[in-house]
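Chain identifiers are assigned alphabetically (A, B, ...) following the order of the sequence lines, protein sequences preceding nucleic acid strands; residue numbering begins at 1 within each chain. Values below: all heavy atoms of this structure, side chains included; hydrogens, waters and symmetry mates excluded.
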2 protein chains.
Amino acid sequence: MSRYYFSMQNLDSIGTQIRKLREETEMPLRKLAALLDIDQSTLSKIERDERRANTQIIDQIAKIFKADKEMLLIAFYSDVVAYEIREEKTFSEILQVAEAKIEYQRTIKKNVK
Amino acid sequence: MSRYYFSMQNLDSIGTQIRKLREETEMPLRKLAALLDIDQSTLSKIERDERRANTQIIDQIAKIFKADKEMLLIAFYSDVVAYEIREEKTFSEILQVAEAKIEYQRTIKKNVK
DNA sequence: ATAAATTTGGACATTATTTGTCAAGATATT
DNA sequence: AATATCTTGACAAATAATGTCCAAATTTAT
């Protein structure tokens, strides 16, 4: 159902979600960093939202913990978006217009094909 | 009324909006660039969405053309956001979660004060 | 309580991205 | 055709992101 993520939405940052997945399986940060082929200090910072993850890491995390990749990507991108406009009092309007723009751009693309 | 921007929403990019404002007053690009203290080639690129504007430029544009600064800022930020997630099929969920996160972060801030 | 394992913080070099600037080419206007 | 306007691409400089290391701090196990 299309409102699944809306009703079940998880407001944890992507970093917190990664940390929770890792801790649920009692995997040391050091080991997960090795699996992801990144420095452990980098992973530490990602889990505490001091550094950005990226989609490649999200992808691997989903596989390693058999987690819902789409949900993780939503967490990741919503962090990025929220960070960008968090200080704007019109954040809600900004998001509405952004959505309309994306939809609009897609209808154009379809008609061009 | 709070849904003003929603119903009146302008889906032109910030670049297009700047160009329209400039052309309405028949001001040469060269001259506007001088007022903004940027290179004319940079302004040309901003108007065609090849380079990003910034809030300082938006601010000056609003003053120069006596335009609605808030509307321009919405156009600017919505461009940024739309660009970031335009390829994601879950863009709508991403925006919903981003909004919820910002609201959530603000309630926290208020309670901490 | 101490040792061992784990996580964090900060410095630094490397790489990538953004920004400013210029000059020549293209387009439009007079 | 000359002039004014705008666009394009190249390049350097500034800024930001990323990778890497290691020591300090914290947590866990013995």
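- When all heavy atoms are compared, the tightest approach of B/Leu43 to B/Ala33 is CD2-N, 3.5 Å.
- In this structure, B/Leu29 places its CG atom 14 Å from P of C/dT29, rounding to the nearest Å.
- At the heavy-atom level, B/Glu50 lies under 4.0 Å from the strands shown only through sugar-phosphate atoms.
- Taking only side-chain atoms of B/Arg51, from C-beta outward, the nucleotide of D/dA10, C/dA11, C/dG9 with the closest atom is D/dA10.
- Side-chain contact check for B/Leu36 versus B/Gln56: every heavy-atom pair is 4.5 Å or farther apart.
- Panel note: side chain B/Arg52, backbone B/Phe76; no donor-acceptor pair is recorded below 3.5 Å.
- One interatomic measurement links the two molecules: CD1 of A/Ile46 to P of C/dT8, which rounds to 12 Å at whole-angstrom precision.
- OP1 or OP2 of C/dT7 sits under 4.0 Å from a side-chain N or O of A/Arg22.
- In this model, no side-chain donor or acceptor of A/Lys45 finds a partner on the base of D/dG19 within 3.5 Å.
- We find that CE of B/Met27 is positioned 16 Å from C1' of D/dA4, with the value rounded to whole Å.
- Between the P atom of D/dC6 and the NZ atom of B/Lys31 lies a distance of 12 Å, rounded to the nearest Å.
- Taking atom CG of residue B/Asp49 and atom P of nucleotide C/dT18, one finds them 15 Å apart after rounding to whole Å.
- With hydrogens and angles ignored, a donor-acceptor pair under 3.5 angstrom links the side chain of A/Ser41 to the base of D/dC21.
- When rounded to the nearest whole Å, the span between CG of B/Leu43 and P of C/dC22 equals 16 Å.
- Out of D/dT20, C/dT7, D/dT8, the shortest distance to the side chain of A/Gln40 is found at C/dT7.
- Proximity of a side-chain donor or acceptor of A/Lys101 to a complementary backbone N or O of B/Tyr83 within less than 3.5 Å is not detected.
- Taking atom CD of residue A/Glu23 and atom C1' of nucleotide D/dT26, one finds them 14 Å apart after rounding to whole Å.
- Listed nucleotides: D/dT20, C/dT19, C/dT7. Nearest to the side chain of A/Pro28: C/dT7.
- Here C/dT7 is the nucleotide among C/dT7, D/dA10, D/dT18 with the atom lying nearest to any side-chain atom of A/Arg30.
- Rounded to a whole Å, the CG atom of A/Asn54 is 14 Å from the P atom of D/dA17.
- Nearest nucleotide to the side chain of A/Asp39, out of C/dT8, D/dC21, D/dC6: D/dC21.
- Here C/dT7 is the nucleotide among C/dT7, D/dT8, D/dA4 with the atom lying nearest to any side-chain atom of A/Ser44.
- Listed nucleotides D/dA4, C/dT6, C/dG9 differ in distance to A/Arg48; the shortest reach to its side chain belongs to C/dG9.
- The closest donor-acceptor contact from the side chain of B/Gln17 to the backbone of B/Asp12 lies under 3.5 Å.
- Here the side chain of B/Thr42 is nearest to one of D/dC6, D/dG19, C/dT21, namely C/dT21.
- Checking side-chain atoms of A/Arg106 against main-chain N and O of A/Glu103 turns up no donor-acceptor pair under 3.5 Å.
- Comparing C/dG9, C/dT7, D/dT7 against the side chain of B/Arg19 picks out D/dT7 as the nearest.
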